[in-house]
Amino acid sequence: MADKVQLLTSIEKKTLIGKRVPKPDSRDKAIGRTRYINDMKLPGMLHGKILHAGVPHARIKRIDVSKARDLPGVHAVLTADDIPEFIFGMARDNRPLKGGKVRCVRDEIAAVAAESEAICDAALALIEVEFEALPAVFDPAEAAKDDAPRIHEGKDDNFNLKYHFGSGDVKAAEATSDVVIDETFNVHYVTHVCMGTSCAIADFDPDGKLTIYSQTQYPYNFKMDLAPALGMHAGDIRVIQPPIGGAFGSKLDVYPYEPVCVLLARATQRPVKLMFSREEEFINAPTRQPVRIHLRAGAKKDGTLTFRDIKCLLNNGAYTSWGPTVPYVMMRTFSSLFRVPDVNIDCQSVYTNNPYAGSFRGYGNVQATYALAIHTDIMAEALGMSFVDLALKNAQVSGEVTPQGAVLNECALAECLTLAADKTDFRAKEKEYAALRDAPGRFKRGIGMAASIHNAGGAKIHKSDGCGTILKLDDYARCTVITGASEIGQGIDAVLSQIISEELGIPMRDITIVNNDSAIAPWDVGVHASRTTFIAGNGAQRAARKARVQILAAASRQSNVPPEALDLREGWVVQEDGGVPVIKIDRILRQMHFSDEPELVMVSDYYEPPSEPEGKDHVGDMSAAYSHAVHVAEVEVDTETGEVKVLKITSAQDVGRIINELGLEAQIEGGIIMGLGYAISEELIIENGQVRNPNFRDYKLITSPEVPELDLHFIESHSSTGPMGAKGIAELPTIVIAPAVANAVHNAIGIRFHNPPMTPEKVARAIWEKNSSRAAAE
Amino acid sequence: MSATVEINFTLNGRKRQLTIDAGLSALNLLRDKLDMTGTKYACGEGECGACTILVDGLSVNSCLMYAADFDGRDIVTIEGLRSDKGFDPMQDAFVEHGAIQCGFCMPGMIMQARHLADTNKDLTYDGLKRGLEGNVCRCTGYKKVFDAVADVIGIAK
């Protein structure tokens, strides 16, 4: 069939960049066709279940699994006695199954594989365990003492990680300060509450090679971290990533249920699926790290910040996942949010007998910004300034370098502050509401602002922060992009398709993303640190440009038009000037393929961002870009019930450049609502090491009636290093919302909350205490 | 063995006759026995709405319903939610408005939205927010869900 060249005189450039593009996988999800890992069955598959200790610190005196082994339908029962002592985890302090003693309620002491989950449950009930209780410690300050019970034998104390960063002379800077504010914050436990509960399916082939179907959001390092828990070579592990029901950082490590599932599959030589119930999920999935933050900082009368001196104590829980490394990001916030040259930061993480923390969206920055943005508001009040003016006074400009060596290229902090203040009439409302605080009336309005900074161009916490991409075009100009970047619901499928479509002039529906099999896709660090659009987007763009060069060279040879005068648009090679069609892309691809010197378009790229790891002194430009967000919260406090109703959130965020406006909004809206839960309703209540609210009734997420009006504003600073100028965006909205709400609550009722969440009980009590002490004073 | 019961019902427009354990939940019948996994397990105690189906046109948490109670009823799951023209307009609207991220809660959310649209003639924007209260989502900020439903029903904010 002849090309319709004659009918087309000009093809204009159309772009999908910046447009509102639905996720390519969303249609399947809307019609119930997507098969999530939780939905999967393999032929011959058994089910696995774990017996958790349920006690926080105890010696196992006796464990008898004989009755469980005899139950019909049971294929294997494992305890620590049945396997070698496989040690895993970043601090090498964890084991898949615990023998000897248990250190928190989660501890896995036995596991069953059986024909059904019901038989597993029956078998677990037949296991007899006798514990001898040991003295336990739950408070990190207590655990830090010399005479505290030891959580891990052979250690001199309960500390597991200590960090220090210092810059300038804090003492001298304090002496020059007109105002010094000293405050202590205690931020709480929350958990990810992924809608799809934790799940793994393990399957061995006869050669002993493992295929694990996993929810992991870091498939390549996952292999490396899983291998020692199994006594395996990482090369013998293949990771397949079916669609999952959320992650938010909770799948950035190996947790014991995963090697336990594999050990059951090895013991039975059958595929085994192990999936948590919702109650198990609340108790056994990781948490955000609770931290006590002592923050002392000063300023001059004109608002110039002089110094910060910070001490943090983190409750690690019984084992070490990513939790205790969150100071890497906390320290960045303390040293980088606003200009402050003299900084001293000490962070310590200590073992306790509590369930242990992992990584969670924002990764320490949620905790640090909560303290710092409230502290800034207190400082502003002491100076008689508005938050926004104190922040503007100390806002960095493009090109500035922070004490930890972050180079703030394309810095839009001042723009974010100004826009957020202008859109909300912030200064006027702040004054108006403060003046009405003590006026009669049950409902009090308040407005509050918070700002934060986060890495927006990856984070070089590993030796490489790269992503591999393989791109091929077939004879029909259908493009397959094989990328290391995982999809966990965040929308990289849309972003990469848009970028490829832009570079190659082919429609999105002709692009297939393959990114769910470690045996196929090349290496990537994982979905974390708001890095995927930036890193994988750059990789995809570079790969597409290589393919583009190859196609244009062939078209140039055929048309005698120089390649630099050609472009790819709407499925055609065209002359850049005027858009005159030259040849259809699929046609030139076939001509290249079936010529005398045959060539296929199949290219690869490994993109490593221009960043550097932190040195031992914690200095280094560890991200290829940085970004800011400013939120303004407007609230109404019911002074009788203590309920904080959030009326409106105005967000101004530097996004670099919009790639997919729909996905960008979705990430920011979702991040705000998740952060709002942290602010006013969510808390995993842990008493004496026991999780007291492992269900949706008692762990209160924000649901639809509480969703405030959301007013989003994007600032496009055009990152010089980002794909099409984009920056990473996904964590900032969660980071910055809670202190904005806290500052708004203070504006409304004159009370500070240094210990979120601001639940009705807590707020009502604080109001009652304030009124009581005022009455007593009178 | 537990007692069994025979049930006759309509599932997504087709008549079905099954013999099931009397204690089986509707959710487990759909997911485990019929391999219809569009309906999700996320809590098993009626708190999250991920397992929402339509029973005689009304939304039900299938995790709290006995499969035996399907007998004589008309059941619609996310796999059967269709219009004469193809997909249900609610499904299209959720896609077009970008309401779907990980998507795990969305089958339940869409079923509840369909129930709201079918059973409330004068639904307001605030009313639909209230009507979706029982459906938990962890990815989205719900706003795109509201906008999708409002678009289908034809109400302004």
Side-chain angles (χ1 to χ4, degrees), chain A residues 20-23 25-36 38-41 116 192-197 243-248 275 277-279 487-491 660-663 665-674 676 695-697 701-707 709-710 733, chain B residues 31-32 35-50 77-82 87-88 90-111 126 128-146 148 157:
Chain A
R20 304 177 71 79
V21 177
K23 269 172 67 55
D25 66 2
S26 59
R27 172 78 58 191
D28 267 355
K29 289 173 173 175
I31 65 172
R33 210 176 79 96
T34 302
R35 189 147 285 219
Y36 293 82
N38 306 59
D39 304 327
M40 283 180 60
K41 283 178 194 168
S116 71
H192 308 71
V193 199
C194 299
M195 292 306 291
T197 57
I244 64 170
F248 316 111
M275 185 175 106
S277 68
R278 179 55 60 187
E279 183 176 311
E487 169 66 36
I488 60 172
Q490 86 279 33
N660 181 1
E661 190 172 26
L662 208 54
E665 287 174 357
Q667 280 290 315
I668 293 183
E669 289 166 7
I672 286 172
I673 297 306
M674 184 174 267
L676 204 51
N695 58 66
F696 281 117
R697 276 183 308 284
L701 296 164
I702 300 293
T703 54
S704 49
E706 295 107 56
V707 174
E709 183 184 349
L710 302 175
Chain B
R31 288 182 58 82
D32 299 342
D35 202 25
M36 293 170 65
T37 55
T39 306
K40 300 301 178 200
Y41 163 87
C43 79
E45 45 192 33
E47 293 288 342
C48 77
T77 70
I78 190 71
E79 292 94 342
L81 191 69
R82 297 291 183 270
F87 298 118
D88 189 284
M90 205 64 82
Q91 292 168 319
D92 289 331
F94 272 61
V95 171
E96 296 305 320
H97 283 270
I100 297 175
Q101 292 179 252
C102 92
F104 198 86
C105 67
M106 286 299 159
M109 192 78 80
I110 289 170
M111 297 308 282
D126 281 342
L128 79 87
K129 285 175 76 172
R130 179 63 61 185
L132 292 169
E133 182 171 16
N135 290 77
V136 175
C137 172
R138 195 54 159 164
C139 291
T140 74
Y142 295 96
K143 183 169 181 284
K144 300 204 178 308
V145 173
F146 305 155
K157 192 180 172 186

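Just so it is clear, the structure is predicted and the values come from calculations on it, not from any experiment. Throughout, a chain's letter reflects where its sequence line sits, starting with A, and its residues are numbered from 1.
- Only the side chain of F87(B) comes within less than 4.5 Å of a heavy atom in chain A; its backbone stays farther off.
- Looking only at distances, no side-chain donor or acceptor of Y41(B) sits under 3.5 Å from a matching main-chain atom of T197(A).
- Of the possible donor and acceptor atoms, none in the side chain of R278(A) sits under 3.5 Å from a partner among the backbone N and O of G44(B).
- Interface summary for chain A: among I110(B), V136(B), T140(B), the most heavy-atom pairs under 4.5 angstrom belong to V136(B).
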*Under the side chain to side chain contact (heavy atoms under 4.5 Å, CB included) rule, what do R82(B) and I31(A) come out as? Steps first, then yes or no, please.*
CA-CA 9 Å; R82(B) 297 291 183 270; I31(A) 65 172; 3.9 Å; yes
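- If you measure heavy-atom distances from N660(A) to chain B, you find no contacts under 4.5 Å at all.
- Interface remark: of the candidates G32(A), G491(A), C194(A), G32(A) forms the most heavy-atom pairs closer than 4.5 Å to chain B.
- When every heavy atom of K40(B) is checked against every heavy atom of T34(A), the shortest pair comes out as NZ-O, 3.8 Å.
- Residue I672(A): no heavy atom, backbone or side chain, is found under 4.5 Å from chain B.
- Note: D39(A) leads I668(A), I673(A), D39(A) in heavy-atom pairs under 4.5 Å with chain B.
- Heavy atoms only, all atoms of each residue included: I244(A) and C102(B) are closest at O-CB, 3.6 Å.
- Residues A666(A) and G98(B) come closest through the heavy atom pair CB-O, 4.2 Å.
- Taking each heavy atom of Y36(A) and F104(B) in turn, the nearest pair found is OH-N, 3.3 Å.
- With sequence neighbours left out, D28(A) forms a side chain to side chain donor-acceptor pair (under 3.5 Å) with R33(A).
- Exactly one of Q667(A), Q490(A), K29(A) qualifies for a side chain to side chain contact (heavy atoms under 4.5 Å, CB included) with Q101(B). That residue is Q667(A).
- The greatest number of non-hydrogen atom pairs below 4.5 Å with chain B, out of N695(A), N38(A), V21(A), is found for N38(A).
- Contacts of D126(B) with chain A are absent, with no heavy-atom separation under 4.5 Å from either backbone or side chain.
- The side chain to side chain contact (heavy atoms under 4.5 Å, CB included) with M195(A) is formed by just one residue from the set C137(B), C48(B), C43(B); it is C48(B).
- Taking chain A as the reference chain and counting heavy-atom pairs below 4.5 Å, the highest number among V145(B), D92(B), T39(B) is found for D92(B).
- Annotation: side chain to side chain contact (heavy atoms under 4.5 Å, CB included) contacts of D88(B) (sequence neighbours excluded): L81(B), M90(B), Q91(B), R114(B).
- A 4.5 Å side-chain heavy-atom check between R35(A) and D35(B) finds at least one atom pair inside the cut-off.
- Judged purely by atom type and a 3.5 angstrom limit, K129(B) uses its side chain to pair as donor or acceptor with the backbone of V707(A).
- Between chain A and the options M106(B), R130(B), R31(B), the largest number of non-hydrogen pairs under 4.5 Å is found for R31(B).
- In this structure a side-chain-to-backbone donor-acceptor pair under 3.5 Å is present from S704(A) to L132(B).
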*Stepwise side chain to side chain contact (heavy atoms under 4.5 Å, CB included) test for E45(B) and R697(A)*: CA-CA 10 Å; E45(B) 45 192 33; R697(A) 276 183 308 284; 3.7 Å; yes
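- When heavy atoms are compared at a cutoff of 4.5 Å, M40(A) does not approach chain B at all.
- Across every non-hydrogen atom of I100(B) and K23(A), the tightest pair is O-CD, 3.5 Å.
- The backbone N or O of E706(A) lies less than 3.5 Å from no partner atom in the side chain of Y142(B), so there is not a single donor-acceptor pair.
- Between E665(A) and the options K144(B), K143(B), H97(B), a side chain to side chain donor-acceptor pair (under 3.5 Å) holds for only K144(B).
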